[in-house]
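Only this structure's heavy atoms are used, side chains among them; waters, hydrogens and symmetry mates stay out. The model shown is predicted, which means the values in this text are computed figures rather than measured ones.
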Amino acid sequence: MPFLMLRALAVLLLTTAPAWAWEATSGRVCELVHDGENAFVRVTYDPAIPEYAIAITPKGPWLQGPVFAMRFDGARGNTIVTDRHVVSRGGATLTVTDRGFGNVLNGLEFNHTATALLGDQAVAVSLDGAAPAVRAFRACATGPSV
């Protein structure tokens with residue numbers, strides 16, 4: 001009986017742990033999402049516009065800042081900087097939109113960490129397991145419009 005209880009406890013712990021995976025979905029809008037330890041990240045591509053967007057919602061609110069940067073650490077490290085970001089919903093989410101996202105997608109696919117930087121704030125996001133989902137997102141974004 002103790003063995004069955006331990007087995008049940010192990011199953012419960014494994015099914016209630018956070019699922020910090022990266023996932024891509026296809027539809028009218030292509031979507032890549034990650035609900036991570038430090039932030040929720042959502043990348044979208046809307047072929048009707050056509051426009052890409054990345055929205056980062058950390059555990060705590062963003063403060064305002066004149067420049068947003070995203071640093072990618074790993075095999076293809078890079079830092080992307082823009083002043084065309086929007087902090088919305090009381091500081092909950094930072095969003096950047098653009099018609100091209102090659103550097104962002106390369107950063108997500110080929111590195112191990114992305115760090116979102118705004119003023120003195122730094123929010124690190126693990127890219128473990130992101131590559132297959134990024135490839136699926138790319139396939140959606142370059143495929144025929146739905």
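Contact between Ala136 and Ala24 at its shortest, heavy atoms only, is CB-CB, 3.8 Å. Heavy-atom minimum distance, Asp35 versus Lys59: OD1-NZ, 4.3 Å. The minimum heavy-atom distance linking Cys30 with Ala141 is given by the pair SG-N, 3.5 Å. Closest approach of Val123 to Pro58, counting heavy atoms only: CG2-CB, 3.9 Å. Closest non-hydrogen pair, Asn111 versus Ala75, comes out as OD1-N, 3.3 Å. Across all non-hydrogen atoms, the minimal contact from Asp83 to Pro66 is CB-O, 3.5 Å.
Between Trp22 and Leu108 there is a side-chain heavy-atom pair separated by less than 4.5 Å. Asp46 places none of its side-chain heavy atoms less than 4.5 Å from the side chain of Glu51. Between Leu118 and Val87 there is a side-chain heavy-atom pair separated by less than 4.5 Å.
Residues Val33 and Val96 do not share a hydrophobic cluster, clusters being chains of Ile/Leu/Val/Met/Phe/Trp/Tyr side chains in contact below 4.5 Å. In the hydrophobic clustering of this structure, Phe72 does not group with Phe110; members are Ile, Leu, Val, Met, Phe, Trp, Tyr whose side-chain heavy atoms approach within less than 4.5 Å, directly or through other members. Both Ile80 and Val134 sit in one connected hydrophobic cluster of ILVMFWY residues. Membership requires side-chain heavy atoms under 4.5 Å apart, directly or through other members. Linking Ile, Leu, Val, Met, Phe, Trp and Tyr residues whenever their side-chain heavy atoms come within less than 4.5 Å leaves Leu117 and Val104 in two separate clusters.
Taking the salt bridge (Lys or Arg N to Asp or Glu O under 4.0 Å) definition, one finds that Arg76 meets it with nothing, sequence neighbours left out. Under the side-chain hydrogen bond (donor to acceptor under 3.5 Å, both in side chains) criterion, Asp98 pairs with Arg84, sequence neighbours left out. In terms of the ring pair (Phe, Tyr, Trp, His ring centres under 6.0 Å) criterion, Phe68 has no residue partners (sequence neighbours excluded). Partners of Asn78 according to the side-chain hydrogen bond (donor to acceptor under 3.5 Å, both in side chains) rule, which considers only residues two or more places apart in sequence or in another chain, do not exist here.
Here the CD1-OG1 distance, from Ile54 to Thr93, works out to 12.0 Å after rounding to the nearest 0.5 Å. Distance CG/Asp128 to NE2/His34: 8.5 Å, rounded to 0.5 Å. Note that OG1 of Thr113 is 6.0 Å distant from CG of Leu127, once rounded to the nearest 0.5 Å.
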Determine all donor-acceptor pairs shorter than 3.5 Å in which one atom belongs to a side chain in residues 38-45; sequence neighbours excluded.
from	atom 1	to	atom 2	distance (Å)
Asn38	ND2	Ala124	O	2.8
Arg42	NE	Glu31	OE2	2.4
Arg42	NH2	Glu31	OE2	3.0

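Alongside Val67, the hydrophobic cluster contains Val81 (criterion: ILVMFWY side chains under 4.5 Å).
Listed for the Gln121 side chain is no donor-acceptor partner under 3.5 Å among the backbone atoms of Ala116.
The aromatic rings of Tyr52 and Phe137 sit tilted, their planes meeting at an angle between 30° and 60°.
Between the side chains of Arg138 and Asn106, a donor-acceptor pair is found at a separation under 3.5 Å.
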